[in-house]
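Worksheet: one structure, shown below.
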Amino acid sequence: MSMQCQLWMGSLEPNMTESFIVAAFHRMGQRPLTVKVMRNKFTGEPAGYAFVHFQTDEEAIDAMHKLNGKPIPGTFPVVRFRLNTASREARANMQSEREFSVWVGDLSSDVDDYSLYRIFATKYNSIKTAKVILDSSGYTKGYGFVRFGNEEEQRNALYAMNGYTGLGTKPLKICTAVPKPKSAIPTQNQSAPNSSAAAYNSGTEYNQYYDPSAYWQNYSAWSGYYGQGEQAAAVVPTTPVAEVAAQTAAAAAAKTQSDELALVEHKKCIDIDEMNQEFLQPELSLWDGLESSQWFPNEIVEIHC
DNA sequence: CGACGGGACGC
DNA sequence: CGACGGGACGC
């Protein structure tokens, strides 16, 4: 994923200057090179987002996973880092680059983007990003998405990481994920940006804060991640998976039909236990079996156009 | 005709 | 259980 060493940063308030944002990253232990706050082309008003440049893609990705969802230092009421990969090229290539992602459920409240990322990164080197979905108050919704660079790792993670223990307090639940459409339907209830922006003009400038602290250095202390996560990652539960040997040509036909109908059903997970009761056979890879038999359960067939 | 792949500044 | 707030490229 080439992303030109930069992140997109949203949820900016009009009084957040470039120097304030740089300082906020510094206080969180990150070293962005530059920040460019984008402005409305015509009015010159801050557009509410910025591009944050780093020396390398790795630094940018690292900062994204470590800071996304965390409070921005110096904001009150709290505003949280809202970070994403960004680049002209990435946007241009979005359509051509297929994305292979899994939905991860049963995340306990202590799981953040970074710990989720690290757990998967120990096993899957094509991993691109990991994201825990938070509500408006910054609390986890208990699920997230992990994106891979190739289908093999995505499929492998579907069963290898299902039921995984060692991240948070609950066994992970893994399902196929349908990538969110890049350009969603434009919201029709777009309120006038000026009115909301004016409400923030309270005279408070977020620009005088610069207090490099050991925030990130303490991450391991408060996250309880280091050590425990790495150790657990090495112990991959050998969940028995179903052998799928006796599938029919009719099922393969059903897959093709589903493709053509472009049905998308992303709310169902593979139920390994149920499958195991049907096909009792440990040791064999579910997906290898599925692939060789050309059979796919309808629930997990999805289409990428 | 027919939908790829080239191209990439530096603040 | 659950499916990514929305906002995305200036000069």
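Chain naming here is simple, since letters A, B, ... match the order of the sequence lines and numbering starts at 1 in each.
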Which nucleotide wins on minimum distance to the side chain of N84(A), given the candidates dA8(C), dG10(C), dA3(C)? dA8(C)
Could you check dG7(C) for me: syn (within 90° of 0) or anti? anti
Closest heavy-atom pair and its distance - F25(A), L83(A): CZ-CD2, 3.9 Å
Taking atom P of dG10(B) as reference, at what distance in whole Å does atom CD of Q4(A) sit? 12 Å
Closest contact, heavy atoms only, M9(A) versus I72(A): CE-CD1, 3.8 Å
Length of the line joining F51(A):CZ and dC11(C):P, which is rounded to integer Å: 13 Å
CG of L12(A) versus P of dG6(C): gap in Å, rounded? 17 Å
For the pair made of CZ in R39(A) and P in dA8(C), what is the distance, rounded to whole Å? 17 Å
Which value, in whole Å, describes the distance between the C1' atoms of nucleotides dG10(C) and dC9(B)? 14 Å
Report the nucleotide, chosen from dG6(C), dA8(B), dA8(C), that has the shortest atom-to-atom distance to any side-chain atom of R82(A). dG6(C)
Ring centroids of W8(A) and dA8(C) base under 5.5 Å with planes under 30°: yes
Of all the nucleotides listed (dA3(C), dG5(C), dC1(C)), which has the minimum atom distance to the side chain of D106(A)? dC1(C)
Spell out yes or no: do the side chain of R147(A) and the base of dC4(C) have one donor N/O and one acceptor N/O closer than 3.5 Å? yes
Verify the contact: side-chain N or O of K141(A) to OP1 or OP2 of dG5(C), cut-off strictly under 4.0 Å; return yes or no. no
Just call it for G48(A): base, sugar-phosphate, or nothing, with non-hydrogen atoms closer than 4.0 Å on any strand. nothing
Just checking T34(A): base, sugar-phosphate only, or nothing, at a heavy-atom cut-off of under 4.0 Å? nothing
Send over the distance from F42(A) CZ to dC9(C) C1', rounded to a whole Å. 14 Å
Minimum heavy-atom distance T169(A)-S108(A), with the two atoms named: N-OG, 2.9 Å
Using whole Å, what does the distance between atom C1' of nucleotide dC11(B) and atom CE of M38(A) come to? 12 Å
With heavy-atom distances below 4.5 Å as the criterion, would you say the side chains of L7(A) and Q30(A) are in contact? no
Gap in Å between the two P atoms, one belonging to dA8(C) and one to dC11(B), rounded: 27 Å
Suppose we define a pair by two distances each less than 3.5 Å, Watson-Crick or G-U wobble; what does dG10(C) pair with here? dC11(B)
Need one value for Y49(A): base, sugar-phosphate or nothing, where a base atom within 4.0 Å counts as base even if backbone is also close, heavy atoms only. sugar-phosphate
Taking atom types as they are modelled, is there a donor-acceptor pair under 3.5 Å from the base of dG5(C) to the side chain of S11(A)? no
Side chain S101(A), main chain R147(A), donor-acceptor under 3.5 Å: no
5'-most contact on DNA chain C: K41(A) or S137(A), nearest heavy atom basis? S137(A)
Taken to the nearest whole Å, NZ/K36(A) to C1'/dC11(B) is 7 Å
Tell me the interatomic distance from I174(A), atom CD1, to dA3(C), atom C1', rounded to whole angstroms. 14 Å
Would you mind checking if K70(A) and D112(A) are paired as a salt bridge, meaning a charged N to carboxylate O distance below 4.0 Å? yes
